[in-house]
Number of protein chains: 2
Amino acid sequence: MARIKDVAARAGVSVATVSRVINDNPRVSGENRARVVEAMTQLRYVPNAVARSLRTDATKTIGLIIGDILNPFFTALARSVEQAAREAGYTVVIGNANERAEEQDHYVRTFAEQQVDAFLICPTAEVTPSITELAVDGRPLAFLDRTLPGLAVPTVRVDGARAIDGLVAHLARLGHRRIGYISGPDSLSSGRDRTEAFLAAMRRHGMEIRPEYVETGDFQAESGRASTVRLLSLPEPPQVIFAGDNLMALGALDEIRGRDLRLGRDVGLASYDDVPWFVHVDPPITAIAQPTEELGHRAVAVLLDLLDGREPESTTLHAQFIPRKSCGEEGEIA
Amino acid sequence: MARIKDVAARAGVSVATVSRVINDNPRVSGENRARVVEAMTQLRYVPNAVARSLRTDATKTIGLIIGDILNPFFTALARSVEQAAREAGYTVVIGNANERAEEQDHYVRTFAEQQVDAFLICPTAEVTPSITELAVDGRPLAFLDRTLPGLAVPTVRVDGARAIDGLVAHLARLGHRRIGYISGPDSLSSGRDRTEAFLAAMRRHGMEIRPEYVETGDFQAESGRASTVRLLSLPEPPQVIFAGDNLMALGALDEIRGRDLRLGRDVGLASYDDVPWFVHVDPPITAIAQPTEELGHRAVAVLLDLLDGREPESTTLHAQFIPRKSCGEEGEIA
DNA sequence: CTCCTTCGTGTAATCGATTACTCGAGATCC
DNA sequence: GGATCTCGAGTAATCGATTACACGAAGGAG
């Protein structure tokens, strides 16, 4: 592989001049610039970003840690983050935590070692020492989708309360009283917030909350299935199940089908998160859509503020309730 | 941030000793080792991977370029690659090409600059100069899922011929004669291979191939929808549509629903790729499943061979035909 | 004609680690 | 007791870039 000094030798100039050409420094004569460019293409020179980063103390890289790469919500998020970052000249490196604190920490450490310029984290589970360290050391850091308590870290998140209220109103209108809920883990702010919003909405609409109707999952399909098993085995099972994310909804659906129940007639289903295939289930699944595109763009904007020394603004966006048919017609579900 | 020399000063030793501790070199006395470890934790020292990489000429990083991060096939693949790589002590950085040659090249360049130790590419479209350069320069490189002609690059891929033959046999058994096909782009080996396998299977089972039944998409949902529009507008539309990947199947399904056609009765649908939600469509979608887990593991194995100077082995795995109900019952579709 | 800018270029220090080489102290062997 | 080995540790070169600083030439002002 060619190095900068090979290019310099070939072009008959010093390495400083070559470096100036690479970095678009105007203090280079037209003639020399041409010779350098020529030498670079001849040698197929590729600048070594590792060496540059060491010297400039910047990698032009953002470390993004998502909860689960198999969750379409997070991949959509990753895509929009990547897009926005690219426009600002940054590369995104993605770490998949698999919803486990331990794997999240692995990436926090790895990214710190690799000297990413900024961290964007969808925190999994509790506050871990490694995340606290980032915050304490004042590294550019923002939380995305989820927050952690007790840390002064700017956060870009979604408030689903309005949409959840819309859902509960919808269920009340259809005459359903017995609503089962599969929450995300209590250790996650997104899980807690949704649960709280759900309970508040239930109260507001004068609906009884039975403790046995509130299950706790972990945002993965299998926990949605297991929770559904318990809900449907109750002496008086709920009429509608509201799953706290799209994967748990998938798991719930697996179990409903497995029992040969008719969706929307024997039992209803609604999901936080909207995914493209929901419209193809029969009946189509009532859902709450999150503005993933905007979420990612805002998150990058916050990081750029941090990196450029501006004051970052935590942002809260709103989710949207999308009624479809999976909760049945009025008075339909016994 | 603490540097190695700060640790050395605090522990009262030289930087060489600290470095030896970091790298588990046994030539350090127990006492000094303890002092260094103590100093490292006190200073919250994090080794600088950029500096290390510059010196050692290794980043312990694999660059993976996937076709589309919104395609569940690729995310499953990415996850398995990441898992296998991690076990071998490598970090994976993912580049999303969005199925565009230009974005793929962006990542090839970026990864080359960042000095990744090896490249794993699901090539999008044609042979581009940047990929040729990688191959010519002898960089550790393997293709995954797709190949490019004319380059001696080890490849890990799936042969779907057997599964596709199973599908066509299935369709023949059901009495269907008019089969529409939405292929991937001809510029992609995976697209070409599937088309070829499909045509061969049709011939083998004595079924007529009408040119107007063969549509070409681009592996994205919208092209599946557009192709379906054309197929269903034909004077004599096909009885069954076979989509070349899961996203085009999704698009096809969108169009079928949009026309209020009954799946499996008015028109059948089958998909290359199997995804979790297929079983929840009514009727469940007949599909061809690829062994993504194994695919990713093998790909990493090939890269490790390359990196350790062993002779890599190109591998071809087989896909599996999974009959469900979306192509109707015998003689059902007119 | 001198003095002062400005411009283009080169020399060399620097970023933070790794590691070849060196060296002294103590152990081992005959 | 002297020669040889082993062990633990330190000094300094090195990786490939960027950039402060220095310097000579050319141009402009007076």
Side-chain angles (χ1 to χ4, degrees), chain A residues 1-37 39-40 43-61 89 109-117 137 139, chain B residues 1-37 39-40 43-61 89 109-117 137 139:
Chain A
M1 299 290 93
R3 301 304 169 205
I4 199 173
K5 70 156 108 69
D6 305 318
V7 175
R10 175 144 209 151
V13 300
S14 73
V15 293
T17 299
V18 177
S19 176
R20 291 191 185 102
V21 171
I22 295 172
N23 294 287
D24 279 324
N25 183 321
R27 276 171 136 57
V28 178
S29 70
E31 193 191 351
N32 271 349
R33 182 178 303 273
R35 299 164 66 87
V36 168
V37 169
M40 289 200 300
L43 295 172
R44 295 215 307 268
Y45 171 70
V46 175
N48 184 325
V50 170
R52 166 188 292 146
S53 296
L54 179 60
R55 186 61 239 255
T56 61
D57 196 33
T59 52
K60 281 290 176 182
T61 286
R109 270 192 304 274
T110 306
F111 288 173
E113 292 186 3
Q114 301 191 337
Q115 315 291 121
V116 299
D117 292 338
D137 292 353
R139 301 239 202 182
Chain B
M1 299 289 96
R3 302 305 170 204
I4 197 172
K5 70 156 110 69
D6 304 319
V7 175
R10 175 145 209 150
V13 299
S14 72
V15 294
T17 299
V18 177
S19 176
R20 289 191 186 101
V21 172
I22 295 171
N23 295 287
D24 279 324
N25 183 320
R27 274 170 139 57
V28 178
S29 70
E31 193 192 349
N32 272 347
R33 182 178 303 273
R35 299 164 64 86
V36 168
V37 169
M40 289 201 299
L43 296 173
R44 295 216 307 267
Y45 171 71
V46 175
N48 185 325
V50 170
R52 167 188 290 144
S53 296
L54 178 60
R55 185 63 240 256
T56 62
D57 197 32
T59 52
K60 283 292 179 180
T61 287
R109 270 193 303 274
T110 306
F111 288 173
E113 292 187 1
Q114 301 191 336
Q115 315 291 119
V116 299
D117 292 338
D137 291 352
R139 301 240 201 180

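The chains referred to below are lettered A, B, ... by the order of the sequence lines, with proteins before strands, and numbering in each begins at 1.
Under the 4.5 Å side-chain criterion, counting only non-hydrogen atoms from C-beta, B/N32 is in contact with B/R35. Side-chain contact between A/N48 and A/M1: absent, with no pair of heavy atoms (C-beta onward) separated by less than 4.5 Å. Taking the side chain as every heavy atom from C-beta outward, B/V18 and B/I22 approach each other to under 4.5 Å.
Rounding to the nearest 0.5 Å places CD of B/Q115 at 8.5 Å from CD of B/E113. The line from NZ of A/K60 to CD of B/Q114 is 13.0 Å long, rounded to the nearest 0.5 Å.
Among residues at least two apart or in separate chains, there is no salt bridge (charged side-chain N to carboxylate O under 4.0 Å, His left out) pair with a member in residues 49-59 of chain A.
When each of B/G30 and A/R3 is assigned the nucleotide of DNA chain D bearing its nearest heavy atom, the one mapping closer to the 5' terminus is B/G30.
Using a 4.0 Å heavy-atom cutoff across all strands shown, A/N32 reaches sugar-phosphate atoms only and no base atom. Base contact: A/R27 has a heavy atom under 4.0 Å from a base atom. Within 4.0 Å (heavy atoms only), B/V50 reaches no atom of the nucleic acid at all.
Here the shortest heavy-atom pairing between B/L54 and A/A51 reads CD1-CB, 3.8 Å.
Judged by distance alone, with hydrogens and angles left aside, the side-chain atoms of A/N25 form a donor-acceptor pair with the main-chain N or O of A/R27 at under 3.5 Å. Checked by atom type and distance alone, the side chain of B/S53 pairs as donor or acceptor with a backbone atom of B/A49 at under 3.5 Å.
Using a 4.0 Å cutoff on non-hydrogen atoms, the parts of residues 16-25 of chain A near DNA chain C are A/A16, A/T17, A/R20, ordered by number. DNA chain C lies under 4.0 Å from at least one heavy atom of each of the following residues of residues 6-14 of chain A: A/V13, A/S14.
Between the two ends of the helix from C/dC1-D/dG30 to C/dC30-D/dG1, each summarised by a five-pair axis, the helix axis turns through 40° (rounded to 10 degrees).
Heavy-atom contacts of chain B under 4.0 Å fall on DNA chain C between two terminal nucleotides, which in 5' to 3' order are C/dG16 to C/dA20.
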Cut-off 3.5 Å, no hydrogens considered: what does the side-chain donor-acceptor table look like for residues 2-10 of chain A, sequence neighbours left out?
unit_1	atom_1	unit_2	atom_2	d
A/D6	OD2	A/R3	N	2.6
A/R10	NE	A/Q42	OE1	2.6
A/R10	NH2	A/Q42	OE1	2.8

Does B/T59 form a side-chain hydrogen bond (donor to acceptor under 3.5 Å, both in side chains) with B/D117? I'd like the steps, not just the answer. CA-CA 6 Å; B/T59 52; B/D117 292 338; 3.3 Å; yes
